[in-house]
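A quick write-up on the structure given underneath.
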Amino acid sequence: MSLPSRVRLIDVGPRDGLQNEKQPVPAEVKIALVHRLQAAGLAEIEVTSYVSPKWVPQMADNHAVMSGIRRPAGVRHSVLTPNLKGFEAALADAPDEIVVFGAASEAFSQKNINCSIAESIERFAPVVEAALAAGMAVRGAMSCTVGCPYEGDIAPERVAYLAGLMKGIGVQRVDVADTIGVGTPRRVQAAMEAALRHYGIDEVSGHFHDTYGQALANTLAALEMGVWNFQASVAGLGGCPYAKGATGNVASEDLVFMLHGMGIETGIDLDALVDAGAWISEQLGRPTASRVGRALLARRAA
Ligand code: HMG
Ligand code: MG
């Protein structure tokens with residue numbers, strides 16, 4: 001299979017990246033980060049979550065952030081909505097796409113959203129229906145498609161089962177997420193294949209946390225299958241509060257450097273992206289986790 005000539009990237013930094021920050025990050029900083037990502041050419045940004053502020057305090061400012069960002073034509077802004085309460089709150093802020101989020105692991109579903117996989121689908125169904133009726137796109141995130149912090153290895157059949165349930169309620173595209181970054185290329189390909197039993201190649205994306213340093217190798221393995229949608233987090237920010245020890249997504253800068261080096265188009269200005277990563281890292285008071293960011297900043301300084 002020849003590699004895709006173009007990749008569509010969703011930067012999940014403002015949401016996945018910042019949701020786990022211990023220190024409060026002001027809404028103005030989140031808004032400025034979204035603007036910097038837009039300036040770098042990102043056409044899709046996952047902005048925030050409409051979840052319980054008791055569960056994820058960092059996302060409590062969802063409305064301030066969504067209503068504070070500029071919404072240029074051609075940029076898709078997505079938000080997480082776990083239930084109708086979250087969807088109704090999001091509706092006022094008119095996201096372009098909502099994301100329901102389930103897990104291939106029962107234990108992770110319980111820890112993350114306090115219900116079983118089957119119950120989660122019952123909660124998502126009216127959310128999906130309402131979003132489609134409101135003209136919004138609908139994505140489904142599938143956590144723990146390779147490994148789970150509570151159950152260990154997850155079989156591809158579990159991923160196919162969840163993907164089938166998502167398809168059954170009308171979810172338009174799905175993210176194959178390696179929440180804790182334990183995946184290696186062949187196992188990630190098996191999880192992707194499982195999702196592809198229910199979704200087309202244009203409807204699946206890779207969402208790889210880089211905890212074990214495997215995310216770029218896993219991305220290449222997915223590219224070899226023809227997958228061309230990926231998620232990444234500027235400066236490698238992030239982690240999930242309900243997956244202890246898991247670090248951020250693969251850094252957007254690292255992914256873009258690899259893709260451009262392979263002649264694959266992204267529409268993203270790598271220098272501007274590195275600037276955005278350096279800026280948010282400075283705001284958070286630590287060095288960027290992006291290897292490419294560090295290398296390019298050092299080269300500029302020299
Ligand atoms: P619950 O306690 O079962 O919900 O939580 P409930 O319906 O029983 O309600 C309990 C309280 O929460 C009530 O308030 C509700 O009003 C409130 P109280 O009466 O106690 O004051 N509530 C809400 N408030 C705001 N927005 C809402 C909402 N819903 C209920 N939408 C719930 C269920 C899903 C809400 C909870 O478990 C939750 O918020 N979980 C958050 C999980 C989360 O955000 N995790 C991180 C994102 S997922 C992720 O990072 C993985 C991903 O990146 C892919 C990957 O890498 O794997 C996507
Ligand atoms: Mg994630």
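Only a predicted model underlies this, so the values are computations on that prediction, with no experimental measurement involved. Throughout, numbering of the chain's residues begins at 1 and tracks the sequence. Whatever order the structure lists them in is the order used to number ligands and atoms, beginning at 1. Hydrogens, waters and symmetry mates play no part in the numbers below; they use all other heavy atoms, side chains included.
At distances below 3.5 Å, at least one donor-acceptor pair connects side-chain atoms of His209 with backbone N or O atoms of Thr247. Side chain of Asp175 to backbone of Ala177: no donor-acceptor contact under 3.5 angstrom is found. The main-chain N or O of Ser120 is never found under 3.5 Å from a side-chain atom of Glu122 such that the two would form a donor-acceptor pair. Remark: the backbone N or O of Val234 is paired with a side-chain donor or acceptor of Ser252 at under 3.5 angstrom.
If you number the atoms of ligand 1 from 1 as listed, the ones under 4.0 Å from a heavy atom of Lys54 come out as 18 (P), 20 (O), 21 (O). Here is the list of ligand 1 atoms found below 4.0 Å of a heavy atom in Ser143: 51 (C), 54 (C), 55 (C), 57 (O). The atoms of ligand 1 that sit less than 4.0 Å from any heavy atom of Gly86 are 31 (N). The atoms of ligand 1 that sit less than 4.0 Å from any heavy atom of His209 are 56 (O).
Counting only N and O atoms by type, the side chains of Asn229 and Arg8 include a donor and acceptor under 3.5 Å apart. Remark: the Ser67 side chain and the Asp93 side chain contain no N/O donor-acceptor pair separated by less than 3.5 Å. A donor-acceptor contact under 3.5 angstrom links the side chains of Ser205 and Gln231, judged on distance only.
In this structure, Met59 falls outside the shell of residues with a heavy atom less than 4.0 angstrom from ligand 1. Pro53 counts as a contact of ligand 1, since one of its heavy atoms falls under 4.0 Å from the ligand. Residue contacts with ligand 1: Arg15 is included, with a non-hydrogen atom under 4.0 Å away.
Protein atoms of type N, O or S found under 2.8 Å from the Mg ion (ligand 2) total 3.
Of all heavy-atom pairs spanning Gly170 and Leu132, the tightest one is O-CD1, 3.8 Å. Residue Ala251 comes nearest to Gly236 through the heavy atom pair CB-N, 3.5 Å, listed as atom of the first residue, atom of the second, then distance. Taking every heavy atom of both residues into account, His77 and Gln38 meet most closely at NE2-OE1, 2.6 Å. Across all non-hydrogen atoms, the minimal contact from Leu3 to Met262 is CD1-CE, 3.4 Å.
Side-chain contact between Lys111 and Tyr150: present, with at least one pair of heavy atoms (C-beta onward) separated by less than 4.5 Å.
Comparing Tyr242, Tyr50, Phe108 by heavy-atom distance to atom 27 (C) of ligand 1, the nearest is Tyr50. Taking all heavy atoms of Thr81, Asn112, Asn83, Leu84 into account, the minimum distance to atom 35 (C) of ligand 1 is reached by Asn83. Residue Thr179 holds the heavy atom nearest to atom 57 (O) of ligand 1 of all those in Val176, Thr179, Ile180.
Close N/O approach between His207 and ligand 1 is found [any backbone or side-chain N/O within under 3.5 Å]. For a threshold of 3.5 Å applied to N or O pairs, the pair formed by Ala177 and ligand 1 contains no separation below that value. Taking only nitrogen or oxygen atoms, main chain and side chain alike, Ser49 does not reach within less than 3.5 Å of ligand 1. For ligand 1, the polar-atom distance check finds no N/O of Arg123 at less than 3.5 Å from any of the ligand's N/O atoms. Polar contact with ligand 1: present for Asn114 (N/O pair, distance under 3.5 Å).
The protein reaches atom 21 (O) of ligand 1 closely, with a heavy atom under 4.0 angstrom from it. Remark: atom 16 (O) of ligand 1 lies closer than 4.0 Å to at least one protein heavy atom. Within a 4.0 Å radius of atom 6 (P) of ligand 1, the protein contributes no non-hydrogen atoms. Closer than 4.0 Å to atom 29 (N) of ligand 1 lies at least one heavy atom of the protein. Protein heavy atoms are found inside the 4.0 Å sphere centred on atom 2 (O) of ligand 1. By the definition of a contact as any protein heavy atom under 4.0 Å away, atom 10 (C) of ligand 1 is not in contact. At a distance under 4.0 Å, a protein heavy atom can be found next to atom 42 (C) of ligand 1. Distance check for atom 13 (C) of ligand 1: every protein heavy atom is found at 4.0 Å or beyond.
Each of Thr179, Asp178, Ile154 was checked for a side chain to side chain contact (heavy atoms under 4.5 Å, CB included) with Val146, and the lone residue meeting it is Asp178. When each of Arg139, Arg76, Lys30 is checked for a salt bridge (charged side-chain N to carboxylate O under 4.0 Å, His left out) with Glu46, only Arg139 meets the rule.
Of all protein heavy atoms, the one lying nearest to atom 32 (C) of ligand 1 is Ile113 O, 4.3 Å. The single protein non-hydrogen atom nearest to atom 47 (C) of ligand 1 is Gln19 OE1, 3.4 Å, given as residue, atom name and distance. When only non-hydrogen protein atoms are considered, atom 39 (O) of ligand 1 lies nearest to Ser52 N, 2.9 Å. In this structure, the protein non-hydrogen atom closest to atom 34 (C) of ligand 1 is Pro82 CB, 3.8 Å. From the protein, the heavy atom lying nearest to atom 24 (N) of ligand 1 is Lys85 CE, 3.4 Å.
A salt bridge links Glu97 with Arg173: the closest approach of a Lys/Arg side-chain nitrogen to an acidic carboxylate oxygen falls below 4.0 angstrom.
Following chains of ILVMFWY side-chain contacts shorter than 4.5 Å, one cannot reach Val188 starting from Tyr212, and the two form parts of different hydrophobic clusters. With hydrophobic clusters built from ILVMFWY side chains whose heavy atoms lie under 4.5 angstrom apart, Leu37 does not share a cluster with Ile10.
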Run the side-chain donor-acceptor check on residues 271-284: report pairs under 3.5 Å with partners two or more places apart or on a different chain.
| unit_1 | atom_1 | unit_2 | atom_2 | d |
| --- | --- | --- | --- | --- |
| Asp275 | OD1 | Arg300 | NH1 | 2.6 |
| Asp275 | OD1 | Arg300 | NH2 | 3.2 |
| Ser281 | OG | Gly277 | O | 2.7 |

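In Val51, the parts holding a heavy atom less than 4.0 Å from any atom of ligand 1 are both the side chain and the backbone.
The cationic atom of Lys85 (NZ for Lys, CZ for Arg) does not lie both less than 6.0 Å from the six-membered ring centre of Tyr50 and within 45° of the ring axis.
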* Carefully, step by step, assess Asp96 and Arg71 under the rule salt bridge (charged side-chain N to carboxylate O under 4.0 Å, His left out). => CA-CA 10 Å; Asp96 302 297; Arg71 307 279 302 271; 3.3 Å; yes
